[in-house]
Amino acid sequence: MRETIQEFASVIEEPYVWLAKAKKTTDRKVIGCFPMYVPHELVHAAGMWPIDLVGGNGEMTAAAQYLQNIVCYPMRSALELLLTGQLSALDGAVFATICTAGASGGEMWRNLNLLPYYHQLVVPRKAGGEGTLQYFTSQIGRFKSSLEAFGGRAISGEALADSIKLYNRSRSLLQRLYEVNRRNPEALPPQDLAVVRGAASLMPREEYVKLLSKLVEEVEAAPTSPRTERVPMVLVGSICDLPQIEILSVIHAAGGAIVEDDSPLGRRMLLPVTENGDQMVALAQRYVDTPPCPTKCDATLDANFAYLVELTKSAGAQGLVFLRPLYCDVLGLDYALLSGRLTQAGIANLSLDLNGREGASGQVQTRMQAFVEMLRR
Amino acid sequence: MEPIKMRYLTTQREKMSPMVRSYWAELDQANELGRPVVYCLGMVPQEVFRAVDAAVFFGENFGAGCAVARVSEELCDVTESRGFPVELCSYIRTHIGAMATGRNPMGKTLPKPDMVAYCNSRCTAYAGWGKAIQELFPGIPALAIDVPPMRDDVSRDEYNQASAHVQRQIEEMIGFLDGWKGHRFDHARFEEGIDNTGKGGRAFVAFQDTLRTKPAPISLIDIFIQLFPMVCLKGQPEVAEYYLAAKAEVDQRIAEGFSAVPEEKFRIYWDGIAIWTRLKTQFEQLARHKAALVASVYAFNMADSVTHYDPARPVESIADGLLNGFTNRGLQAKIDYVSRMVTDFEADGIIMQVSRSCKPYFLDEYAVMKEVVKRTGVPYCEVQGDMADPRLYSEQEIENRIDAFLTRLAAA
């Protein structure tokens with residue numbers, strides 16, 4: 001089991017070094033998709049290799065010519081990687097217009113014209129109503145045509161059906177790992193689960209599913225580890241990037257157990273795509289059906305609050321931890337409001353600010369320890 | 001040395017000041033009179049709400065007003081003490097603080113809203129702002145218009161799809177209002193409002209275009225101050241009347257050869273939002289260097305989104321305005337727009353003000369300015385500021401940078 005997890009870890013240690021090497025073994029075009037709402041299934045069905053455009057480490061000097069240091073980390077970091085040639089494995093990029101940064105940042109990529117392919121996927125920032133579904137379906141159709149033009153071949157209904165099945169399979173396997181982590185965090189600590197989840201952002205899905213199936217079997221067959229008394233909690237938020245492994249380790253080390261999460265590339269991404277009916281509508285419907293997201297202007301606070309309370313109660317959690325990315329107004333506003341409401345409702349919560357990948361500072365560790373101790377009392 | 005004073009327009013004092021007072025008086029009384037109050041944020045079409053005789057409160061103007069009245073800082077503090085991040089838009093922080101405390105330096109009190117309405121064409125933080133208002137005034141509805149961003153290479157088909165998406169939401173909004181709290185949606189009043197907004201926008205453009213004259217008869221600061229009718233009274237007939245009167249006064253100044261900055265030597269294009277806490281200081285500092293502020297993307301682009309308004313196709317007019325608003329456009333469109341302003345208003349220098357809490361303005365400001373400078377050859381300097389939170393910048397640093405820049409311009 002450890003060896004299998006290590007295989008996933010080797011992918012995300014230095015994602016773009018790994019990617020450049022892995023690309024040599026395939027002639028598939030690699031398409032970087034800005035995290036969250038780009039349907040990878042469509043890229044996959046076009047015979048290409050979709051990855052989540054995750055950030056990198058280190059200084060951001062090249063990007064500073066274009067973006068101020070008060071722009072969110074994922075956007076600055078991705079641009080830095082592009083400008084410094086670290087994304088040489090990419091053949092194209094897709095940006096979804098989920099926020100101001102997503103729309104404007106994507107425009108910079110298009111203007112820089114450093115990659116052979118660029119597409120802006122217009123995502124309606126409204127979930128409800130027949131109009132939204134109709135509009136997003138048309139935008140997914142436009143994305144499909146654009147991929148077909150770039151790939152020089154049509155995306156057949158069969159190919160897309162296969163891709164949707166493959167991605168759904170990967171989601172259901174991940175769901176099983178989540179269950180193990182929830183039941184027994186000693187057997188599969190959150191930081192390990194995050195490694196596995198993070199590798200999904202990069203690996204070709206066929207290989208990922210193969211390795212994931214192996215891991216699920218290993219984990220489920222492993223003898224039950226002795227249980228440690230832990231404080232169950234829900235993790236909400238994160239940056240649009242790989243999971244925050246260091247912070248997850250801090251939570252685990254402090255005696256917390258993440259029994260539910262609502263983070264951008266976490267559990268909310270496990271929602272499957274319907275395998276019957278019109279495929280374009282099914283891809284659009286999945287977006288409409290995702291749990292309330294602060295980027296959607298009609299996702300009311302009532303709905304989001306009810307959703308978090310339900311997550312907390314159904315998982316038997318004692319508290320919530322908000323991971324708030326700096327310079328993200330969308331999450332900054334919602335989390336402050338939700339935190340206030342949860343406190344009023346008697347649900348303990350802690351907000352931690354994330355400045356890119358700065359990781360778990362001493363202050364974060366201390367606050368986390370204090371939070372766990374408080375919940376224990 | 002005695003500072004060079006700004007000479008404000010008589011029209012502003014005699015006509016706009018009473019308009020401001022009556023706007024706040026109307027809002028002060030609305031709750032008592034049972035008239036619905038709608039908090040409008042961003043470019044949401046106010047004309048729609050006036051068609052049910054609502055009193056319209058405009059969020060951004062409130063933030064700017066509080067900054068001018070020097071209370072925004074303390075209101076931002078209140079908001080931050082409630083757990084909101086300091087880097088959040090200072091208009092939003094100011095407004096949340098005001099709602100929490102009931103403070104309103106412009107009126108007697110802050111009217112209680114019956115509804116909040118916004119659109120996200122400029123900024124995705126509006127959704128959270130709307131939720132914050134609902135949190136402080138529980139039970140009120142929020143109506144939103146989602147506006148897809150428009151890239152430079154958007155096809156006709158794609159534009160039409162986006163326009164249909166926006167128009168459908170405006171129609172839904174109208175449908176909701178018709179019958180809301182027993183009000184009937186007055187279509188004739190709506191069309192009249194659209195007509196008035198179009199006329200108001202065109203009159204504003206004529207007023208702002210007086211700044212093309214050399215020497216500049218007014219300052220950009222005059223334009224900033226006199227944004228009020230256009231942004232707060234959208235849809236009202238007095239908007240066009242006001243700007244035509246203001247323009248007539250400026251025309252008189254031009255005929256007399258009046259120069260807002262004595263012995264004008266440089267013309268400066270200002271990129272970014274006004275720093276509302278230092279309008280007077282800014283004029284005086286630049287005037288010392290014989291530099292006149294003559295144009296800005298902020299303010300100027302607001303009229304552009306409404307000059308085409310046609311009462312014969314009101315909903316489509318609004319959709320076109322929202323989709324083509326400056327901050328909703330692609331990078332090349334922004335570069336073209338700013339370059340054109342710099343050239344048309346014959347700017348000798350550019351001051352790029354980075355409003356540290358306004359993402360829609362600062363996000364691609366570097367990328368835009370890089371190209372504008374390349375294209376126009378006009379030098380620029382950067383200052384880090386903010387529209388309403390003076391804690392986000394250093395007054396001294398702004399002053400030093402502008403002084404150094406203008407000294408360099410003089411030496412060139």
Q: Report yes or no: do B:Q161 and A:Q139 form a side-chain donor-acceptor pair below 3.5 Å?
A: yes

With rounding to the nearest 0.5 Å, note down the distance linking [atom1] in [X] to [atom2] in [Y].
X      : Y      : atom1 : atom2 : answer
A:T100 : B:Y126 : OG1   : OH    : 9.5 Å
B:K131 : A:D334 : NZ    : CG    : 3.5 Å
A:Y118 : B:D153 : OH    : CG    : 9.0 Å
A:C297 : B:N120 : SG    : CG    : 5.0 Å
A:L333 : B:I96  : CG    : CD1   : 5.5 Å
A:N111 : B:R151 : CG    : CZ    : 11.5 Å

What is the minimum heavy-atom distance between [X] and [Y], and which atoms define it?
X      : Y      : result
A:S104 : B:D364 : OG-OD2, 3.6 Å
B:D146 : A:P124 : OD2-CA, 3.2 Å
A:L337 : B:F84  : CD2-CZ, 3.6 Å
B:F362 : A:V71  : CE1-CG2, 3.7 Å

Q: Kindly confirm or rule out a cation-pi arrangement of B:K370 over A:Y66, judged by NZ or CZ under 6.0 Å from the six-membered ring centre and within 45° of its axis?
A: yes

Q.
Let's go through A:R341 and B:E135 carefully: what are the C-alpha distance in whole Å and the side-chain angles of both, what is the deciding distance for salt bridge (charged side-chain N to carboxylate O under 4.0 Å, His left out) to 0.1 Å, and is it a yes or a no?
A. CA-CA 9 Å; A:R341 269 220 193 171; B:E135 199 62 358; 2.7 Å; yes

Any side-chain heavy atom of [X] sitting closer than 4.5 Å to one from [Y]?
X      : Y      : value
A:Q134 : B:R168 : yes
A:Q68  : B:R356 : no
A:L326 : B:E87  : yes
A:Y335 : B:P85  : no
A:R125 : B:T124 : yes
A:Y135 : B:P148 : yes

Relative to chain A, which segment of [X] carries a heavy atom at a distance below 4.5 Å: side chain, backbone, both, or neither?
X      : value
B:L143 : neither
B:V147 : backbone
B:A142 : neither

Q) Looking at A:R110 and B:D152, does any basic side-chain N land under 4.0 Å from a carboxylate oxygen? A) yes

(Q) For a side-chain contact (heavy atoms from CB on, under 4.5 Å) check, start with the C-alpha distance between A:M108 and B:L331, then their side-chain angles and the critical distance, and finish with the verdict. (A) CA-CA 7 Å; A:M108 272 175 222; B:L331 198 59; 4.2 Å; yes

Q: Go through A:V122 and B:E158 one step at a time and tell me if the side-chain contact (heavy atoms from CB on, under 4.5 Å) criterion holds.
A: CA-CA 10 Å; A:V122 176; B:E158 206 185 335; 4.2 Å; yes

Q: For chain A, find which of B:A162, B:C123, B:A164 contributes the most heavy-atom pairs closer than 4.5 angstrom.
A: B:A162

**Q.** Top of B:Q332, B:Q134, B:E172 for chain A proximity - count of heavy-atom pairs under 4.5 angstrom
**A.** B:Q332

Q.
Heavy-atom pairs under 4.5 Å with chain B: which of A:G340, A:A64, A:C99 has the most?
A. A:C99

